[in-house]
2 protein chains.
Amino acid sequence: MRLLAPLSFVLALAPVVAHAQAPASYGATSPDGSIAIGFTTDNDGHAQYSITRKGKLLIAPSSLGFILSDGLPMLRGWTITGADTGKGDSTWEQPWGERRYVRDHYNEITVHFRQSKDWGERLMDVHVRLFDKGVGFRYELPKQAALSTMKIADELTEFNIAGKGTAWWIAGGEWNRYEQVYQKTPIDAVATAHTPITMRLEDGTHLSFHEAALVDYSAMWFKRAEGQKFRSTLSPSSQGPRVLRSLPFNTPWRTIRIGDKAADLVENDLELNLNEPNKIGDVSYFKPQKYIGIWWGMIRGDWTWAEGPRHGATTERAKQYIDFAAKHGFGSVLVEGWDKGWNGNWFGTGQDFSFTQATPDFDLKAVTAYAAKKGVGLIGHHETGGNIANYEAQLDDAMKLYDSLGVRAVKTGYVADMGGVQAPCAAEPAKICMEWHDGQRQVQHHLRVVQTAAKYHIAVNAHEPVKDTGLRRTYPNWIDREGARGMEYNAWGQFANGPSHEPTLVYTRLLSGPMDFTPGVLSLEGANHVPLASTLAKQLGLYLAIYSPIQMAADFIENLAAHPKELEFIRQVPADWSESHLIAGEVGEYALFARKDRAGEDWYVGGVNDATARDVTLDMDFLTAGKSYKATIYKDGEGATYLTDARHRIAYETRVVKKGDKLSLWLAPGGGAAIQLKLLK
Amino acid sequence: MRLLAPLSFVLALAPVVAHAQAPASYGATSPDGSIAIGFTTDNDGHAQYSITRKGKLLIAPSSLGFILSDGLPMLRGWTITGADTGKGDSTWEQPWGERRYVRDHYNEITVHFRQSKDWGERLMDVHVRLFDKGVGFRYELPKQAALSTMKIADELTEFNIAGKGTAWWIAGGEWNRYEQVYQKTPIDAVATAHTPITMRLEDGTHLSFHEAALVDYSAMWFKRAEGQKFRSTLSPSSQGPRVLRSLPFNTPWRTIRIGDKAADLVENDLELNLNEPNKIGDVSYFKPQKYIGIWWGMIRGDWTWAEGPRHGATTERAKQYIDFAAKHGFGSVLVEGWDKGWNGNWFGTGQDFSFTQATPDFDLKAVTAYAAKKGVGLIGHHETGGNIANYEAQLDDAMKLYDSLGVRAVKTGYVADMGGVQAPCAAEPAKICMEWHDGQRQVQHHLRVVQTAAKYHIAVNAHEPVKDTGLRRTYPNWIDREGARGMEYNAWGQFANGPSHEPTLVYTRLLSGPMDFTPGVLSLEGANHVPLASTLAKQLGLYLAIYSPIQMAADFIENLAAHPKELEFIRQVPADWSESHLIAGEVGEYALFARKDRAGEDWYVGGVNDATARDVTLDMDFLTAGKSYKATIYKDGEGATYLTDARHRIAYETRVVKKGDKLSLWLAPGGGAAIQLKLLK
């Protein structure tokens, strides 16, 4: 329905109307009426939106638009010509995930803008979906006479945050593997951030700004202009325009998760709902699982990726790891450094990598055959050093080889500096154009890898990736990404990931999607015996706190074997859930989840704590009424603390619990807990 | 001299040496030894520098380098192959300025870096000049086999500020005419700033970060990465690389003014000294002067730039203004809106502007002839609406016309949105490429305008300019720029420039060079009688606080005439000085200068205050011993305040003062003062 008059309910949006200079304003509300968006134009014809929640201004009037490399800015001279509204309420099923069923319940409005003759008579639609716990909007550029392609110099979408508060963020446009320690600052002390960026306003409102369905576009960085006003700036391109698209096309959704409490951010499927349904069909070739790998030894420096006397990826060691995996219920073994090209400097150069030729001391065919015999998979590995020219040239052959050997998952890698991705130039493919990790070209590349992998029934676990924007819904063989500071940093320095790191990741990076954090360093030490900022119980809690459909046990197998009780927990804990709930937690402090095994009736509870010891009381309300569960509890031992050798103190307990029970836990400094709740038949 | 061993004095740079991983470190100190810079490379071969002052770390190790659009990053794999040192001490004379003679006293070091084979074997020199009150360094890219052109995707120069403190800044990469109100925040709450950005550390150290000699390169924005670490990011280009240069070439200097007090920032010729000497010869065709204009009426909305019944630029009004100028000693009259092209929307479009054709109601030839007869000059006007394609096509004709009519100065204008400058594309000049106000293309354009103007003996006063980086030394017909929020904002809203604005400009924008602020609104009101955040005395104080070799009296001539005493001060006050000293002031609070008339022995004292009333006692130490001066004082009247009609209260006083006297002044809220000290013969 095309509305030619303002929607009556925008009359309730007093702050919007107060700013409106234009004759007509348009708006819409979430299904429960709590969130409202309004659109208007100001005296200069800037297209603007604002958002209220429960009648209170949340996003003050904020401008929309683009600057172009080849034509007048799409910033001024806009008028609203009308709007369409709609709504949706459906439930869809995930092949794997934190929950099996996802409800997609929204109202929507598409506001139609036209630029005046002076400004080129361009058309632009803004399509909004309002959910009870968030908003997404995107630009839709219809086919039009005035514009056939858009050379987008930058997207200038403002986010003018009305309330003061605190932000948790990492720097955008800097060291571009997202591998920084999160910063906690006032909102008005953010510099330029990657998304998702999490905020808590003084009135308790929790916010997370991000994007959904980042396809054939550059990633959005969240640049603070001044005060509390942010705007988008797109990851650069070697080509001038940061994005080049033919019309018609849609931008990614700009998303805001909104809620009263931290759990509203965590239990929120906003971005997934804004992505398109599965386009690749059945992905049952991928099984959620735990895995081990020939990896921690290279990270620590005991072994090497490169060939030589300390080469990690030997046939012999691979078989040893396969044996261990088979014995302890791990689904796969990751083998890094199996291929040629690691000798010399590969960081950011990568021209020598082969994705089909193994090193002389690694018999890929023999190893995969051995694994198959043992019922174990191999997780393949494609490190590119950021050289996607080299990778793309071999991509099909590389995936075909893995497919032929039954390898059903591959970990990719793009280790390079900012602006350090080498791609074939569009205009002259024999030349190299340097791109950013999260620019349009690399966004295209990642999807190409995932689509090629899908063709060969292979799942992709991307490291040094583009951030996740919910594309696993559309391409569910895209199972996992790194895209944050993982366990590996603990190998490189004492407390390199501080005790707050994981309880921050839960409310920031993890909002974007699964992370291959690689928990399970049960020895609690990195290279040169540097300790982790973690108790032993926290290592188990990570399997509940940080969701991934593949969960590593990262330590050396000898260290895993030295902890038989913990190893048994890791064997038992699922990597696929029918339900997930944050049952206790605050951003950056602690996070305890209850998750239900997708394969049965058992529940698992656990999570992580920061540096502050705390007592928590967990409500067992999520359990099925009338049933009893055997709780096997792994918790911080008395006096445990990450600060001393007492980090190894763990306590075990079993008891029977029922719905309505309360369970008290003491969480050590840097501690955690993990509980299996097995349904008693 | 090429040094093959570390300089012995870097041993004193303990923090540098502590971070050094490389075998050799190189460094140098300022002539007085207070400032030291050290260079090293880290384990990954990052080229790094650090700066200490009085033995204390000021800039912690900070990386240097570039990313390229067409080749591997110039970030890693560096080794230092040697260094050359040198020194200089000379004095040069300005044709006009805040002081006649400028001392250029420095030590210098050029550190030679070579990148390893993996990284392309590129060469890069870093050339540093150390002064007693600051440091400048630039990249020098020598002719080399590995690199013939540089397509610079970005320059990644870090500035890792060691001490906490306060910053005064405007947002970079945003609304790009620099016309924001300055923000005062903690250093670690800066977002991305334009330079100069001013800081005061907790230990009292004053800093200003800027650049010098911005030629054929993009302006540097000062992006905070996180914490107190900043890095350069260059203004974008439509072409992909933000800068495109053939080797050999030098970047602009990255500069840091350093001192113990605010005056050390203000009385500091760092950037001027880092620019090249005069390249255009005698500029005596330009006389420092005061001027009036047909301008405030358009700003207020009483008159229009466009033709029509309220057209400002009529022959009749121009003659009336010329008569007034002649009578009251003004050198010139600015006439805006004299040319065709103002009808319809010109903001950001500008395609209709003619720079040679006057409107029918304005007889350019008759007006200039009339002005000449009266001994008054005309200041021409070239508003482009950011359309430099249109302007460049007419540039030579436009300057030739003015020259033929004896017009010796032109005000240029580039009113457009960010990324809104329309330039002919380099590869295809018939097409339009959109550029930033401060990108390489616009930097080239401004210099082209200034060079063309010089050919015709015309001075340039650029509005919506690229920021000043001291190029007036090399091109002294580049007399002035806007590049900050000027008086005009006061026409548009009550206290639109708050009382702190001018006392902030002195220590921020004004550090970069002269500003056409356009003081002298003696009526103290804008459109619809909105009041200025200024007392009457402050309007006179502005002629001392804000330096420019052309100083407007911006008000309607009727309003000027209504204040005969103030008008007489404006007639008397010079716009050219042999000495200038900040004799009292703090950043953002107040600023009082003593300046000596370049044409004689008289001194002038005056300045501006923020919202806080204060008593200041000024030392008359700058006066010549044994001489007496007649002080004519214009000061805030009793009870004056910008907050009420009491803003008009002014007091006059005369007395005799000598060197060694103290002069007490009360500065009203939003007040100021102006004093003429006439040598008694």
Side-chain angles (χ1 to χ4, degrees), chain A residues 44 66-73 75-77 116-119 151 153-154 156 169-171 173-175 180 183 185-186 188-192 223-227 229-231 233 236-242 344-349 416-420 422 425 431-436, chain B residues 44 66-73 75-77 116-119 151 153-154 156 169-171 173-175 180 183 185-186 188-192 223-227 229-231 233 236-242 344-349 416-420 422 425 431-436:
Chain A
D44 294 320
F66 301 89
I67 52 175
L68 306 179
S69 295
D70 62 346
L72 293 177
L75 296 176
R76 293 180 187 243
S116 65
K117 197 171 172 190
D118 282 339
W119 291 103
K151 294 186 174 176
D154 215 346
L156 306 188
W169 59 284
I170 55 171
E174 297 301 314
W175 189 37
Q180 300 109 313
Q183 300 185 67
T185 71
D188 59 10
V190 174
T192 295
K223 181 190 181 198
R224 189 166 64 88
E226 55 183 9
K229 188 166 89 178
F230 291 77
R231 73 165 174 81
T233 185
S237 159
S238 69
Q239 301 306 298
R242 298 181 183 195
N345 179 52
W346 53 268
F347 178 112
T349 55
D417 275 314
M418 50 201 292
Q422 302 174 63
C425 299
K431 288 199 172 172
I432 288 297
C433 284
M434 301 301 298
E435 306 297 346
W436 283 72
Chain B
D44 295 321
F66 301 90
I67 52 175
L68 306 178
S69 296
D70 63 345
L72 293 177
L75 295 177
R76 293 180 187 243
S116 65
K117 197 171 172 190
D118 282 339
W119 292 103
K151 293 186 176 177
D154 215 344
L156 306 188
W169 59 284
I170 55 171
E174 297 301 314
W175 189 38
Q180 300 110 312
Q183 301 186 65
T185 71
D188 59 10
V190 174
T192 294
K223 181 191 179 196
R224 189 165 64 89
E226 55 183 12
K229 188 167 88 177
F230 291 77
R231 73 166 175 82
T233 185
S237 159
S238 70
Q239 300 307 298
R242 298 181 184 197
N345 178 53
W346 53 268
F347 178 113
T349 55
D417 276 314
M418 51 201 292
Q422 300 175 62
C425 299
K431 288 198 173 172
I432 287 298
C433 284
M434 300 302 300
E435 306 297 348
W436 282 71

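Letters A, B, ... are given to chains in the order of the sequence lines, protein chains preceding strands, and every chain is numbered from 1.
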Legend entry - Nearest heavy atoms of B/Gln422 and A/Leu72, plus distance in Å: NE2-CD2, 3.4 Å
Inset, instruction - With rounding to the nearest 0.5 Å, note down the distance linking CZ in A/Arg76 to OG1 in B/Thr349. - result: 10.5 Å
Inset, instruction - Would you check if A/Asp417 and B/Ile67 make a side-chain contact, meaning some heavy-atom pair closer than 4.5 Å? - result: no
Inset, instruction - Let me know if B/Pro241 has heavy atoms under 4.5 Å from chain A in its side chain, its backbone, both or neither. - result: both
Inset, instruction - May I have the step-by-step check of side chain to side chain contact (heavy atoms under 4.5 Å, CB included) for A/Glu174 and B/Lys223, ending in yes or no? - result: CA-CA 10 Å; A/Glu174 297 301 314; B/Lys223 181 191 179 196; 2.8 Å; yes
Inset, instruction - Tell me, for B/Leu75 versus chain A, whether the close heavy atoms (under 4.5 Å) come from the side chain, the backbone, both or neither. - result: side chain
Inset, instruction - Answer with side chain, backbone, both or neither: which region of B/Ala225 has an atom nearer than 4.5 Å to a non-hydrogen atom of chain A? - result: both
Inset, instruction - Report the distance from atom CG of B/Asp154 to atom CE of A/Met418, rounding to the nearest 0.5 Å. - result: 7.0 Å
Inset, instruction - Could you tell me which non-hydrogen atom of B/Pro73 sits nearest to which non-hydrogen atom of A/Met434, and how far apart they are? - result: CD-CE, 3.9 Å
Legend entry - Heavy-atom closest pair, residues B/Ser69 and A/Ser238: O-CB, 3.9 Å
Legend entry - Engaged part of B/Asn345 at the chain A interface, taking heavy atoms whose separation is under 4.5 Å: both
Inset, instruction - Mind ranking B/Val190, B/Thr185, B/Thr233 by heavy-atom pairs under 4.5 Å with chain A and telling me who comes out on top? - result: B/Val190
Inset, instruction - Taking the side chain as every heavy atom from C-beta outward, state whether A/Ile170 and B/Glu226 have any pair of such atoms under 4.5 Å apart. - result: no
Inset, instruction - Against chain A, work out which of B/Gln180, B/Lys151, B/Gln183, B/Arg231 has the most heavy-atom pairs shorter than 4.5 Å and name it. - result: B/Arg231
Legend entry - Separation of A/Thr192 OG1 from B/Arg224 CZ (nearest 0.5 Å): 9.0 Å
Inset, instruction - Identify which of A/Ala189, A/Pro186, A/Ala153, A/Ser237 forms the greatest number of heavy-atom pairs closer than 4.5 Å to chain B. - result: A/Ala189
Inset, instruction - Let me see the working for A/Phe347 and B/Asp118 under side chain to side chain contact (heavy atoms under 4.5 Å, CB included), right down to the final yes or no. - result: CA-CA 10 Å; A/Phe347 178 112; B/Asp118 282 339; over 6 Å; no
